[in-house]
Protein chains: 2
Amino acid sequence: MKAVAVYPRKQGPVHLREVKKPIPTNGEVIIRALEVGVCGTDREIVNGLYGDAPYGSDFLILGHESLGIAESDGVDVKKGDMVVATVRRPCPEHCLNCTRGEIDMCLTGNYREKGIKGLHGFMTEYYTEDPKYLVRVPHDLRHVAILLEPLSVVEKVIEQIFKIQKRLAWEPRTALVLGAGPIGLLSTFVLRDIGIATYTFARSPSGRLNDRLLEESGAHYLSATDTPLSYIPSKVGQIDLIVEATGSASLPFEAIGVLGINGIIALTGIAGQGRILEIDTSCINLKIVLENKLVFGSVNANKSHFETGVRRLKSIEERWPGVLRNMITRRVPIQRSQEALEKGDSDMKVVIEV
Amino acid sequence: MKAVAVYPRKQGPVHLREVKKPIPTNGEVIIRALEVGVCGTDREIVNGLYGDAPYGSDFLILGHESLGIAESDGVDVKKGDMVVATVRRPCPEHCLNCTRGEIDMCLTGNYREKGIKGLHGFMTEYYTEDPKYLVRVPHDLRHVAILLEPLSVVEKVIEQIFKIQKRLAWEPRTALVLGAGPIGLLSTFVLRDIGIATYTFARSPSGRLNDRLLEESGAHYLSATDTPLSYIPSKVGQIDLIVEATGSASLPFEAIGVLGINGIIALTGIAGQGRILEIDTSCINLKIVLENKLVFGSVNANKSHFETGVRRLKSIEERWPGVLRNMITRRVPIQRSQEALEKGDSDMKVVIEV
């Protein structure tokens with residue numbers, strides 16, 4: 001069967017290779033792939049910046065945003081179920097958090113990740129999986145379920161924000177999302193779904209697809225071409241929370257300045273390494289300390305966030321039909337995977353069809 | 001009666017002035033001052049960098065670290081009680097947090113502060129106070145109770161750390177305190193009191209007073225002259241939490257690099273304004289995001305933190321007798337207040353005796 005692979009830590013392109021169809025063992029189920037989503041991490045791996053092959057292999061099968069059909073039965077999974085697999089697998093040390101299934105909070109850093117770090121991914125016709133890492137998705141979500149993995153990352157961020165802010169009396173009314181890519185857009189939809197006035201700030205001028213989609217959810221698009229970041233509070237009032245989803249090196253620091261008193265910033269993006277930035281420190285300690293502000297980073301997600309995500313997909317589909325579906329701007333057959341991994345100017349979410 | 005005052009936003013020195021002895025109204029009690037502690041904020045006010053006089057006054061009576069004897073009865077306070085007053089008073093808008101008595105989390109920023117912002121302070125012979133802002137302290141803590149206000153700031157930090165970290169499964173074993181001034185030292189004692197292995201890092205070479213005091217509590221002193229910050233994890237293992245108490249502009253950013261996975265940094269110090277810092281951003285987003293790290297700022301404290309602080313003073317006194325008392329390196333009579341406000345090389349906590 002076909003699989004899309006790279007030689008990790010070497011610059012791409014990807015190659016299509018023939019691999020043996022896997023045989024399930026130890027209670028695993030076998031899954032027929034439907035689609036695999038492409039994200040920035042995949043592009044970094046193709047560019048040789050990231051990624052590790054499984055032990056004993058010189059190649060890595062890509063893909064961590066999965067959607068497939070179970071072709072055998074397993075615990076809590078039946079043949080014919082539509083399933084999404086989580087990404088991380090526990091560290092060999094069985095740390096406190098991995099033991100509890102909160103592998104996204106692994107304490108050793110020795111977790112493995114499907115399609116990223118030490119384990120083959122889902123860009124292949126069939127894969128096997130321990131059912132405890134599978135989340136069932138109703139068939140009526142077939143056309144949006146490929147968004148479940150990036151949505152799980154957002155669900156973790158939002159859950160963390162509310163867990164953290166139990167540190168004080170907090171009634172958030174207004175959120176700012178930085179970036180209108182897939183994570184920015186999904187963050188906007190989740191915040192709107194829980195009833196928070198949401199402003200989404202990005203570089204593009206108004207009138208593009210992402211901006212139209214987020215306004216359908218009742219959010220407001222703020223283009224950097226019209227509104228500098230520092231002007232936003234005077235326009236929208238006190239900002240209670242910020243989700244940073246651009247990966248900019250400087251934006252998180254500017255964001256501290258626009259965040260309201262007692263506010264919280266979630267960082268989800270990663271800036272390029274080794275870039276030196278000049279920062280006016282008066283924006284940092286001073287504002288953080290005197291206004292009880294908080295900045296945290298969030299990565300990956302655990303199974304509970306995928307499960308919350310399934311309910312969220314349903315809710316968003318019902319409230320704003322089409323916004324999720326329209327985020328998928330390109331579907332590419334597996335034979336032409338390299339095209340999927342090259343980001344087009346108008347691409348939002350690109351999906352490989354297996 | 002005598003009071004120590006400044007003309008805010010003008011460079012000092014302080015002056016001693018005659019003011020009328022206040023008359024309690026509306027259920028207030030009158031308090032005879034015993035001692036007033038001096039801290040960095042007082043020095044900033046004397047240097048004209050900070051501070052606001054009460055409405056209609058051109059001068060501000062200094063002092064927010066108080067200790068006094070009630071000379072009249074009030075709700076929950078009896079004549080003869082030893083009392084410490086909290087520092088902040090609610091904003092006129094009665095925001096959510098001020099209404100709940102959590103004035104340290106005031107949402108408008110229009111809170112007032114005794115001896116700092118819009119209200120006269122405690123460097124005077126008598127003052128009146130609404131008893132709801134008074135915390136009673138047992139007389140056997142007479143010689144250390146002046147430390148209650150700075151200790152309340154630390155109690156808030158530690159409480160916030162544990163509240164925030166309920167976001168995940170977290171079993172902290174090792175803490176790093178940056179700075180060995182009063183806040184660094186009190187943070188060290190509190191962390192030791194709750195049973196955490198604590199390392200305190202500061203610039204001074206080993207063998208000075210602060211270093212000897214903290215080692216009495218079982219903490220370990222790490223001098224920057226022997227151990228660069230970045231070497232500390234290789235020496236002490238995973239660091240679960242960091243309390244930054246130097247006010248350095250660059251140290252918080254370096255601290256992110258030495259903090260362990262899922263760790264938390266509390267910032268308590270404020271760097272000088274307008275200093276431009278060059279930062280390698282690979283230490284920031286990348287480490288914060290990929291390792292689920294968190295940075296927060298904390299300022300001031302509410303009454304509950306003073307109350308926790310009273311119990312803590314007792315516990316520290318019992319476990320490590322003398323460490324608190326020995327933090328007070330100088331006692332200066334009110335007539336010579338200006339001397340108290342000039343920081344000597346070997347000063348830790350300087351106290352004005354009224």
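Worth knowing before you read on, the calculation uses all heavy atoms, side chains too, and leaves out hydrogens, waters and symmetry mates. All chains are named by letter (A, B, ...) in the order of the sequence lines, taking the proteins before the strands, and each is independently numbered beginning at 1.
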Notebook entry, point to check: About how many Å separate OG of B:S298 and CD of A:E291, when rounded to the nearest 0.5 Å?
Noted result: 13.5 Å
Next item on the list: Check A:F296 against B:I288 and note the closest heavy-atom contact, atom names and distance.
Entry: C-CG2, 3.8 Å
Note to self: Just checking B:K343: does its NZ atom have more than 12 heavy atoms from other residues, nucleotides or ligands closer to it than 6.0 angstrom?
What the structure shows: yes
Notebook entry, point to check: Out of A:Q238, A:K163, A:E244, A:Q160, which one racks up the most heavy-atom pairs below 4.5 Å with chain B?
Noted result: A:Q160
Check: So does B:Y231 have more than 12 non-hydrogen atoms from other groups sitting under 6.0 Å from OH?
Finding: no
Next item on the list: Flag yes if more than 12 heavy atoms outside B:R203 fall under 6.0 Å of its CZ atom; otherwise flag no.
Entry: no
Notebook entry, point to check: Only one of B:M105, B:K166, B:R167 forms a side-chain contact (heavy atoms from CB on, under 4.5 Å) with A:R167, so which one is it?
Noted result: B:M105
Next item on the list: Return the minimal non-hydrogen interatomic distance between B:A169 and A:R100, and the atom names on each side.
Entry: CB-NE, 3.3 Å
Note to self: Need one label for B:L107: side chain, backbone, both or neither, based on atoms under 4.5 Å from any heavy atom in chain A.
What the structure shows: both
Notebook entry, point to check: Who wins among A:L267, A:V299, A:V289 for the most heavy-atom pairs under 4.5 Å with chain B?
Noted result: A:V289
Check: Checking heavy atoms, do the side chain of A:Q165, its backbone, both or neither come under 4.5 Å from chain B?
Finding: neither
Next item on the list: Search all heavy atoms of B:L290 against all heavy atoms of A:I270 and return the closest pair with its distance.
Entry: CD2-CD1, 3.3 Å
Note to self: If I measure from the heavy atoms of chain B, does A:N300 come under 4.5 Å with its side chain, its backbone, both, or neither?
What the structure shows: neither
Checklist line | CZ/B:R9: more than 12 non-hydrogen atoms of other groups inside 6.0 Å | finding: yes
Notebook entry, point to check: Heavy-atom distance under 4.5 Å to chain B: side chain of A:N292, backbone, both or neither?
Noted result: both
Next item on the list: Supply the atom-to-atom distance A:I164 CD1 to B:L294 CG, rounded to the nearest 0.5 angstrom.
Entry: 5.0 Å
Checklist line | Heavy-atom proximity to chain B below 4.5 Å, by part of A:L96 | finding: side chain
